[in-house]
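Just the heavy atoms: all of them, side chains too, but no hydrogens, waters or symmetry mates, feed the values below. Sequence positions, counted from 1, serve as the residue numbers for this chain.
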Amino acid sequence: DIHFKTISERFSEVVGPLLVAHVKPEKIDKNILVLKVANSALKFEMNIQKKAIIGKCNTLLGKPFIQGIRFV
């Protein structure tokens, strides 16, 4: 899927260079971005940043495509 490819290739722009080693996009499931997170502390931190991450993804895609995030 082209949206997932775009987000995956430019994921450091979404989460920043420090987090990109610990967070990986897994898939997009019904407009929900599924992210694999290294640990529960990071999962908590990412949860706080959910809206910002969704915003950055949609800016990257040029349209409001991602509607939510699920952490695994």
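A search for ring-ring contact (aromatic ring centres under 6.0 Å, His included) contacts involving F44 returns nothing, not counting sequence neighbours. Every residue meeting the side-chain contact (heavy atoms from CB on, under 4.5 Å) condition with I28, not counting sequence neighbours, appears here in chain and number order: D1, H3, F4, I7, L33, F65, I66. With sequence neighbours excluded, the residues satisfying side-chain hydrogen bond (donor to acceptor under 3.5 Å, both in side chains) with Q49 are E45.
In this structure, CZ in R70 is found 13.0 Å from CG in N47, a value given to the nearest 0.5 Å. Here the CD1 atom belonging to I32 is positioned 6.5 Å from the CD atom belonging to Q67, to the nearest 0.5 angstrom.
No side-chain heavy atom of M46 sits less than 4.5 Å from a side-chain heavy atom of I69. F71 is not listed as a side-chain neighbour of V34, based on a closest heavy-atom distance of 4.5 Å or more. Looking only at side-chain heavy atoms (C-beta outward), P25 and S8 come within less than 4.5 Å of each other.
Sorted by first then second residue, the salt bridge (Lys or Arg N to Asp or Glu O under 4.0 Å) pairs that include residues 6-20, not counting sequence neighbours, are K5-E9, R10-E13. The stretch residues 17-32 participates, sequence neighbours left out, in no side-chain hydrogen bond (donor to acceptor under 3.5 Å, both in side chains) pair at all.
Nearest heavy atoms, C57 versus V14: SG-CG1, 3.9 Å.
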Ignoring hydrogens and angles, write down the donor-acceptor pairs under 3.5 Å from the side chains of residues 36-43, residues two or more places apart or on other chains.
from	atom 1	to	atom 2	distance (Å)
N39	OD1	A41	N	3.3
N39	OD1	L42	N	2.8

